[in-house]
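Order of listing sets the numbers, starting from 1, for every ligand and every atom in it.
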Amino acid sequence: MTLDRDLSEYMSKTARSRALHEEATAVMPGGNSRTTTFFDPYPFYITRGQGAHVWDADGVDRLDFNGNYTSLILGHAPPEVVKAVQEVAVEGLSFPGPSEHEVRLAEVLVRRVPSLESLRFTNSGTEATMNAVRAARAFTGRAKIAKFEGAYHGTHDWALVSVSPDVKAAGGRSRPKPVASSAGVPPAVLKHTVVLPWNDGDACEAILDREGPNLAAVLVDPLLGIGGVLPPVEGFLDRLHTVTQRHGIVLVFDEVISFRIGSGGAQERFGIRPDLTTLGKIIGGGLPVGAFGGRADIMAAYDPRQGRARISHGGTFNANPVTMAAGLATLNSLTPDAYGRLDALGERLRGGVARLLAGTRRKGQVTGLGSLFCLHWTTTALTDYRSSRPKDVEAPIRVFMGLLNEGIVLTPRGLGACSLAMTDDDVDRFVNALARVLARG
Ligand SMILES: Cc1ncc(COP(=O)(O)O)c(C=O)c1O
C-alpha cells in the first residue's frame with residue numbers, strides 16, 4: 001500500500017480532471033469551493049451520478065460510498081426525486097414568498113420526530129446549527145455553548161472549535177481546552193465555548209455542573225458522525241439529558257447526519273427527546289437544505305405575529321420549492337422496509353470489513369450504525385475523538401486513494417454510507433476492493 005504508487009495510478013487515469021483543476025486554480029483559491037472535497041493532488045471532477053455510481057470527467061466509473069457526504073440516501077438521481085424536481089421547477093424555481101411544498105415537508109418532519117413541535121428551514125446544516133445556538137441563547141439569556149471534541153457542526157464561528165484539534169494543544173482528556181479549528185475564529189468564540197469529551201459521562205457531568213449557569217446550549221451529534229461514527233455508550237445520552245435539564249441548558253441534537261439511521265433519527269433510536277434538533281443532508285433529497293426546530297416555546301422567538309420576531313431569520317432561498325419537493329419525495333421513499341434494507345446493507349458491510357481486518361495484520365476497525373460506517377486505522381478501543389486518531393496518520397489517505405483506484409469512492413477520512421441504490425453485490429465489491437488495497441501493502 002504505497003501512496004506514491006497509488007497517486008501515480010490515480011493521475012494516469014484522471015488527465016481531464018487535472019486539466020480542469022488547473023483551470024479552476026486560476027479563478028478559485030486551490031481551485032475549489034469546499035474544503036472537505038479537496039484532496040492532493042487534485043479531486044476528480046464528476047460529470048454524472050446515477051444510482052450507486054458516479055462517472056468522472058475522464059469517464060471512469062466508480063461505486064459511490066461517499067454519497068455527497070451521506071446526503072444521497074436513495075443514491076444518485078432517483079427517478080421519483082428527479083420527477084418531483086422537474087414538475088416543480090417548471091412552475092418556478094424560487095419565489096418571494098412561501099409555497100405549499102414547505103408546509104408539506106414540515107408536516108412530514110413533525111410527524112416523524114415528536115420533539116419537533118415547530119421548525120424552520122435553512123439552506124445548509126451550517127445555518128441550522130448557527131440558528132439553534134442563537135435560539136438557545138435568546139431563550140436562556142446565557143452566552144456560552146458546549147460542544148464535543150471531534151464533533152463537526154458546520155462552518156460558522158461557533159461550530160469551528162475543537163473539530164480535529166492537535167491533542168498536544170487541547171488540554172487533558174477529561175477537561176479538553178477549546179482550540180480554534182480555523183483561522184479567523186475570534187478569541188471571544190473560544191472564551192464562550194466549553195469542550196466536552198465524548199462518551200465520558202463523569203467528566204461531562206463535572207464540566208456541565210461547573211459551567212451550567214453560564215451555558216445556553218449543549219450541541220450534540222448523537223453519533224459523532226464526522227468525528228468517526230462513534231455511537232454513544234449505554235446511558236451516555238440519558239445522562240446528558242438529565243444534566244442539561246437540571247441546569248436549564250438547551251439540549252440540541254445535531255442530526256444532520258444521524259437522521260438517516262431511522263425514520264425518527266438517532267433520538268428515536270436512543271429514546272431521547274432533545275429541546276432542539278438540527279437537520280440537513282437527506283431532508284433536501286440532494287439539494288441544499290437545513291432545518292432547525294424543537295420546543296415551541298423556544299421556537300416562538302421566530303414568530304413575527306406579535307410585532308417583530310425576537311430573532312431575525314432571513315434567507316433568500318430558505319424553503320425554496322424545488323428543495324422542498326425533492327426532500328418530500330425522498331422522505332416519502334423512506335418507508336420502514338427501506339430502513340430495514342439500509343440497516344442490512346450497513347451490517348453486511350461492517351461485518352465483511354470486520355472479518356477482513358481480523359484476518360489481516362492491518363491495525364484497523366470499522367464502526368457505524370444503520371447505513372453509516374467509518375474505517376479506523378488503530379486498534380485502541382474506540383470511545384472518543386482522541387482514541388480514534390490513526391496511529392499511522394497516512395493510513396486513511398492511502399486507503400482512500402487505493403479504493404479510488406479500485407473504483408470505489410469514500411471520504412478521505414474513512415466515513416461512508418450505503419444507499420438504497422446499492423445491492424449486496426455492491427457491498428461485497430467494497431469489501432473485496434478493500435482487501436486488495438490492504439494486500440498491496
Ligand atoms: C453533524 C453535522 N452538522 C452540520 C453539518 C453542516 O452541514 P452543511 O454542510 O449542510 O452546512 C454537517 C456536515 O457534514 C454535519 O455532519
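- Under the side-chain contact (heavy atoms from CB on, under 4.5 Å) criterion, S118 pairs with M299, not counting sequence neighbours.
- Not a single donor-acceptor pair under 3.5 Å links the side chain of D209 to the backbone N or O of A206.
- Between the side chains of H53 and R62, no donor N or O sits under 3.5 Å from an acceptor N or O.
- Every residue two or more places apart in sequence or in another chain that forms a side-chain contact (heavy atoms from CB on, under 4.5 Å) with E117 is listed here: R273, R295, A296.
- Protein residues with a heavy atom closer than 4.0 Å to ligand 1 are S124, G125, T126, Y152, H153, G154, D221, I226, D254, V256, I257, K281, listed by chain and number.
- Residue pairs meeting the salt bridge (charged side-chain N to carboxylate O under 4.0 Å, His left out) criterion with at least one partner in residues 255-267, sequence neighbours excluded, do not occur; the list is empty.
- One N or O on the side chain of N199 and one on the backbone of T383 form a donor-acceptor pair closer than 3.5 Å.
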